[in-house]
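I have placed the structure first, in the form of structure tokens, so that the comments after it can refer back to it.
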Amino acid sequence: MELHERIDRRRSARDGRGIVVDYEYLSPVVHRTEPIGRGPVLEQLLDAFEPAFDGDLPAPVAVTGPPGSGTSAIVVALFDAMNDRLGETGRSIGTTTRAARAEPITWFVYVDARRVRSEFAFYRAVLSALSTEAIPESGVGTAALRDRLQDRLARHDRRAIVAIDHHDEPETLSYRRARELLDPVSESLSTVAVGRDTPDEWGETTVAVSAYRGHELVDVLTDRVSTALSPGTIDHESVRRLSEWADGNAHDALAALYGAADRATESDADRIQPRHLERAMGDVPENSVHVDRALSLSRTRQQVLSTLVSIEPADRPIRDIADEIATQSSLTAGTVKRFLYELADRGVIERVPLPINGTGRRPSAIELRFPTIVFQSLTPASDEESDFDLDG
DNA sequence: GATCCACGGGAATACACGGATG
DNA sequence: CATCCGTGTATTCCCGTGGATC
């Protein structure tokens, strides 16, 4: 962000008397362009990518780290920077096209497996990153996309390093599957596996990211606070308390910070008070699922979740809840029920046994497993017809 | 060049059956 | 055994795309 932009945002925030200057920068699903305190890890990754500087293809590498340790943030930031330096835009263009084509161009492609659940979507994601023209979202076969990708890489002597993030989460594209899809396409493709663990039988380099230590997480929070909130909105003691509570998990800490700012704004407070903070921390479940897991769901599923949050789901059988949600949506009760079981299967919500009343199989109630304040704030309203891109 | 239409992917929905429980 | 929950899957629907047809 440019300095004048920052200043303008501050000024407009003062005009509006809001404590949040920049919701985007406060969001736990938005990554900083410059990761805080991760120099050594970045160096290790640069070592692994070293061959790319000579136009060669680096070997596959795995990046692992516990939840909230910032593996995604690191890879996203580094890939952006590498494309900036080594990609087409980083080279001289125009009259030197012919010269530039003589040497291979290496692209760093980041694929979020949470948002890529089919072969079609995977090829589309990779191809989009390598092309400037629009890639069809439907109406064309998977094989056609694969052929286009193959052609794209072969014809222009391109290399691509594809990161598959969250490859080891439930319902996401596995690393093995991604390799199976990429291998027949081209020799000029390498991969980076980003997740909690390495893929099975991993024989390649691994860069392990550890959880943030206390003071590091304080630094991360302080950075967000200083940019996203008006000065004096939250005191240092609260930031430290937040960091301690989150125990090294940046997602939990940022989700709670966002929630606290939201609560304070909601109650027209001019600063984040302890009760806002406590309320927000209570909104982040223990072993919380990353809010982006919920935000990467299809729009209809997000709407079901959003309605679910707004009604009181505790101690009610799934059937009841599904019926009520269905009345507030265009979906049938059967479909909502199907969705709820599916979301429970993915771990976004949890089924808890309900005491029996009457005959038949025991029903379950539902517990939410993600930070709801952030989710409600970041999920599009149900009547919103705009087709803005959730991937952006 | 305009229009039509078959195709493919993906989401929604229907449905059936297995299993738990009183 | 009656009942209802939970789950796997078949079917239907929707719609963008791009080649065929006029």
Side-chain angles (χ1 to χ4, degrees), chain A residues 111-152 169-174 177-178 180-182 184-185 293-308 313-369 379-380 382-391:
Chain A
V111 174
D112 183 356
R114 283 175 184 155
R115 290 177 164 80
V116 171
R117 297 209 172 90
S118 65
E119 300 181 6
F120 180 88
F122 180 67
Y123 282 130
R124 182 171 189 279
V126 177
L127 192 52
S128 299
L130 298 176
S131 322
T132 46
E133 75 253 34
I135 309 299
E137 290 175 34
S138 66
V140 74
T142 303
L145 280 193
R146 189 187 55 229
D147 293 348
R148 275 170 80 164
L149 177 60
Q150 190 161 20
D151 186 62
R152 185 90 200 152
E169 283 180 4
E171 302 281 313
T172 59
L173 186 83
S174 73
R177 192 81 194 97
E180 282 171 7
L181 294 175
L182 290 178
V185 168
R293 287 273 303 281
L295 290 169
S296 66
L297 298 165
S298 68
R299 170 139 325 171
T300 47
R301 264 151 257 249
Q302 285 190 56
Q303 282 165 15
V304 166
L305 264 192
S306 177
T307 312
L308 176 65
D315 304 328
R316 295 175 56 190
I318 282 190
R319 172 65 89 82
D320 269 22
I321 299 170
D323 286 348
E324 180 168 347
I325 292 174
T327 62
Q328 299 182 40
S329 96
S330 57
L331 304 174
T332 64
T335 301
V336 175
K337 183 186 96 166
R338 194 76 200 76
F339 281 8
L340 290 176
Y341 282 119
E342 175 195 310
L343 290 167
D345 209 40
R346 290 184 186 174
V348 176
I349 61 180
E350 193 176 337
R351 285 164 40 201
V352 292
L354 219 48
I356 194 73
N357 64 334
T359 172
R361 196 169 172 170
R362 241 167 119 191
S364 339
I366 288 175
E367 254 173 35
L368 305 167
R369 301 294 311 145
T379 203
S382 58
D383 57 353
E384 182 132 8
E385 284 299 318
S386 83
D387 54 349
F388 85 86
D389 190 8
L390 288 170
D391 295 13

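Basis for what follows: all heavy atoms, side chains included, without hydrogens, waters or symmetry-related copies. Order of the sequence lines sets the chain letters (A, B, ...), proteins ahead of strands, with each chain counted from 1.
At the heavy-atom level, G141(A) lies under 4.0 Å from the strands shown only through sugar-phosphate atoms. Within 4.0 Å of A144(A), counting heavy atoms only, lies no atom of the nucleic acid at all. At a threshold of 4.0 angstrom between heavy atoms, the contacts of F120(A) are confined to the sugar-phosphate backbone, with no base atom among them. Using a 4.0 Å heavy-atom cutoff across all strands shown, R301(A) reaches sugar-phosphate atoms only and no base atom.
Between L297(A) atom CG and dA11(B) atom P there is a gap of 11 Å when expressed in whole angstrom units. With rounding to whole Å, L340(A) atom CG is found 15 Å from dT13(B) atom C1'. Look at OH on Y123(A): it is 16 Å from C1' on dG8(B), rounded to the nearest Å. Whole-Å rounding puts the E119(A) CD to dG9(B) P distance at 9 Å. For the pair R351(A) CZ and dG19(B) C1', the computed distance is 12 Å after rounding to whole Å. Across the protein-nucleic acid pair, R338(A) atom CZ and dG10(B) atom C1' stand 15 Å apart, rounded to whole Å.
If you walk DNA chain C from 5' to 3' and mark each nucleotide with an atom closer than 4.0 Å to a heavy atom of chain A, the marks span dT3(C) to dG18(C).
A donor-acceptor pair under 3.5 Å links the side-chain atoms of Y123(A) to the main chain of L181(A), judged by distance alone. Distance alone, capped at 3.5 Å, places no donor-acceptor pair between the R114(A) side chain and the T172(A) backbone.
T307(A) and Q328(A) get closest at one heavy-atom pair: CG2-OE1, 3.5 Å. Nearest approach of I366(A) to V352(A), heavy atoms of both residues: N-CG2, 4.4 Å. Minimum heavy-atom separation, A178(A) to L173(A): CB-CD2, 3.9 Å.
Side-chain contact, T379(A) with Q302(A): a donor N or O sits under 3.5 Å from an acceptor N or O.
Contact annotation: S138(A) does not reach the phosphate of dG8(B) (side-chain N/O to OP1 or OP2, under 4.0 Å). Contact annotation: T332(A) side-chain N/O to dA14(B) OP1/OP2 distance is under 4.0 Å. Put simply, T335(A) has no side-chain N or O that comes within less than 4.0 Å of OP1 or OP2 on dA14(B).
Among K337(A), R316(A), R319(A), the one residue that satisfies the salt bridge (charged side-chain N to carboxylate O under 4.0 Å, His left out) test with E324(A) is R316(A).
When the nearest nucleotides of DNA chain C are assigned to E137(A) and S364(A) by heavy-atom distance, the more 5′-ward of the two goes with S364(A). The 5' end of DNA chain C is approached more closely, in terms of each residue's nearest nucleotide, by K337(A) than by the other of P136(A) and K337(A).
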